[in-house]
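Worth saying up front: this structure is predicted, and the values here are computed from it rather than measured. Residue numbers begin at 1 in each chain, while the letters A, B, ... track the order of the sequences.
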There are 2 protein chains.
Amino acid sequence: MPTRVPQERRRRRPTRSGVLLSEDLIVETALRLIGEHGPEALSVRRLGTAIGCDPSALYRYFHGTDDLVLAIADRIIGDAMAGFAPGDDWVASLREMALRVRAGYLAHPRAAAFASYRVTRRENEIRAVETGIGLLLSAGFAPVDATRLYLTFIDTVLSHAAMDAAFQALPRPQREADHRAWHDVYQGLDPVAYPALTTVRQELHSMGDSSFEEAVDLLLEALAARAPGML
Amino acid sequence: MPTRVPQERRRRRPTRSGVLLSEDLIVETALRLIGEHGPEALSVRRLGTAIGCDPSALYRYFHGTDDLVLAIADRIIGDAMAGFAPGDDWVASLREMALRVRAGYLAHPRAAAFASYRVTRRENEIRAVETGIGLLLSAGFAPVDATRLYLTFIDTVLSHAAMDAAFQALPRPQREADHRAWHDVYQGLDPVAYPALTTVRQELHSMGDSSFEEAVDLLLEALAARAPGML
DNA sequence: GTCTTGCGTCAATCCTGTTGACATAAGGCG
DNA sequence: CGCCTTATGTCAACAGGATTGACGCAAGAC
């Protein structure tokens, strides 16, 4: 396999168009491509063109498309968590972690869609997991519980954030139509067939909003209730 | 555009291999292909081969790949909720709803991963919302709370199920690598830099599993704690 | 029986990821 | 300073992807 990759030191040579390649440059260009033209615009060929190098040069930096995707995902995590330090209040700290992850995803909505369910195995992700599990351990949970509950927490945060990001990535008309959809559709329903919806029909407008914060708060309430120190 | 689609009546002609094409046959064959050979086996060319027609014939029935996948997803939703009736226990009923949705998604991961971020506005969805909000109303929640909490509940379920499905839809090597990732990566970390991970290192194997049921249970615990009847 | 036209087929186009061969210059070493 | 190894950018090619325009057959209406 000629696709060997991440050495520590490199023998860098400018490309035909004068650019000095680097993993950072590639990831940043990929994020820009996705942000401007959507996830489907990310292909090895287009990325090479955007950077100013031959597409195959990218294989000197990444084993393949999947490797590149993981690098992108890890970069998003790193940006989101930059400068975060957990405080004394573990609930508040987890809450801020959640909000930061969501903000990071919303900053790159189209990339978030395919990055959210991957395990990047890279530094930024490892640090985030260390922080999160550390917070749950400080709350008094046993290792086995802290691990499982962190997984549950972060999966909820990631999947919810990804859903918000995917919605954000929709074209404006479709997004607005979906936002109004609940209000529009349910107003004219048969009260006999749909008694519950009829009862809450005044409140259905809120169905278009994000439930992210409420979901995180509910989850943290349940975690706090289960925490050993809370008896 | 020669790609016109779903007329009511059709002039059906057997293909070269004698098959009579139909939307149902195409959707069912696609689901079979995915089930037998994994999600990556679904391509227009292979689908045509499996059915016994030219790949381009499929464009007489679907505008494109997206259209086909949405048709598949529509079928999945109907199947998942078929025969469900809520019981007296609102928590248990919501729990079963959650499990059904997830099962439906996991049965056809690629289609689910593709469609979960979209609002169908169809009858099955409306009935599900009616059922869910009805359960929360029966728990004693006020309309405004029942609505918001149902949204939070179903968003958690849908996004989590979508995440599981997306993971399931990964090509096998990547899926297995991701599943082992936590165990593999974190075993050799520096204990000083990663104290929390070091503490829980025996438990990290569980990080590869789904947290769906735990997330649903935690959410339902929080809902039950907030329920007016529970004072 | 004829005519229209729906629809299956074919071939072509343009994409995609990936790789083996090749050339060239970077940088270690004398 | 200059050589030599080899990392790395480039090129060409391959297999397979979605999609579509032209073509021709036959289904169904009349």
Side-chain angles (χ1 to χ4, degrees), chain A residues 1-26 29-30 33-34 37-72 114, chain B residues 1-26 29-30 33-34 37-72 110 114 169-171 173-174:
Chain A
M1 233 98 64
T3 56
R4 276 290 54 193
V5 187
Q7 259 78 10
E8 189 49 48
R9 303 183 13 80
R10 314 190 70 95
R11 205 190 272 187
R12 302 166 81 223
R13 186 174 19 157
T15 74
R16 160 174 298 268
S17 66
V19 187
L20 276 183
L21 292 183
S22 70
E23 188 171 315
D24 277 354
L25 174 64
I26 296 172
T29 308
L33 261 188
I34 295 170
H37 305 108
E40 63 279 1
L42 183 64
S43 77
V44 178
R45 289 173 132 93
R46 267 197 281 253
L47 185 52
T49 304
I51 292 173
C53 69
D54 190 272
S56 64
L58 302 177
Y59 288 85
R60 305 284 180 198
Y61 292 82
F62 300 97
H63 292 99
T65 310
D66 192 57
D67 198 24
L68 173 60
V69 166
L70 293 182
I72 294 173
F114 63 79
Chain B
M1 235 96 63
T3 54
R4 273 294 52 197
V5 189
Q7 259 79 10
E8 188 50 46
R9 304 179 15 79
R10 318 189 68 97
R11 203 191 273 185
R12 302 163 82 220
R13 183 177 18 158
T15 75
R16 158 175 298 270
S17 66
V19 187
L20 275 183
L21 291 182
S22 69
E23 187 171 314
D24 276 354
L25 174 63
I26 295 172
T29 307
L33 260 188
I34 295 172
H37 306 295
E40 59 276 8
L42 183 64
S43 76
V44 178
R45 287 172 134 93
R46 269 196 280 252
L47 185 52
T49 304
I51 292 173
C53 68
D54 189 272
S56 65
L58 302 176
Y59 289 87
R60 306 280 182 202
Y61 293 82
F62 300 98
H63 291 100
T65 310
D66 290 8
D67 198 25
L68 171 62
V69 173
L70 286 182
I72 294 171
R110 183 178 180 186
F114 200 93
L170 283 175
Q174 292 166 28

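- Regarding A:I26, its CD1 atom lies at a distance of 11 Å from the P atom of D:dT8, rounded to whole Å.
- Evaluation of atom-type donor-acceptor distances gives a pair under 3.5 Å for the side chain of A:R13 against the base of D:dT8.
- When rounded to the nearest whole Å, the span between CG of A:L21 and P of C:dA26 equals 14 Å.
- For A:P14, counting side-chain heavy atoms from C-beta on, the closest listed nucleotide (C:dG17, C:dG8, C:dA26) is C:dA26.
- Under the side chain to side chain donor-acceptor pair (under 3.5 Å) criterion, no residue pair touches residues 41-52 of chain B, with sequence neighbours excluded.
- Between the CZ atom of A:F62 and the P atom of D:dG9 there is a distance of 12 Å, given to the nearest Å.
- For the OP1/OP2 pair of C:dG8 and a distance below 4.0 Å, the side-chain nitrogens and oxygens of B:Y61 include at least one atom meeting the criterion.
- Straight-line distance from the CD atom of A:E40 to the P atom of D:dA18: 16 Å, rounded to whole Å.
- Side chain B:R60 to base C:dG6: no donor-acceptor pair is found below 3.5 Å.
- Between A:T65 and B:T15, the residue anchored closer to the 5' end of DNA chain C is B:T15, taking for each the nucleotide with the nearest heavy atom.
- Pairing each heavy atom of B:G52 with each of B:V19, the nearest pair is O-CG2, 4.3 Å.
- Nearest nucleotide to the side chain of B:V44, out of D:dG21, D:dC11, D:dA18: D:dA18.
- Phosphate proximity of C:dG17 to A:S43: present, with a side-chain N or O under 4.0 Å from OP1 or OP2.
- Across the protein-nucleic acid pair, A:L42 atom CG and C:dC15 atom P stand 16 Å apart, rounded to whole Å.
- Residue A:S56 has its side chain nearest to D:dC11 when only C:dG17, D:dT20, D:dC11 are considered.
- D:dG16 atom P lies 9 Å from atom CZ of B:R46, rounded to whole Å.
- To the nearest 0.5 Å, the span separating OG1 on A:T65 from CG on A:L47 amounts to 10.0 Å.
- Note that the CD1 atom of B:I26 and the CD1 atom of B:I51 stand 5.0 Å from one another [nearest 0.5 Å].
- Nucleotide D:dA18 holds its P atom 13 Å from the CG atom of B:D54, rounded to whole Å.
- In this structure, NE2 of A:H63 is placed 13 Å from P of D:dT8, rounded to the nearest angstrom.
- Contact annotation: side chain of B:R45 to base of D:dG16, donor-acceptor pair absent below 3.5 Å.
- Side-chain contact, A:S22 with A:D24: no donor N or O sits under 3.5 Å from an acceptor N or O.
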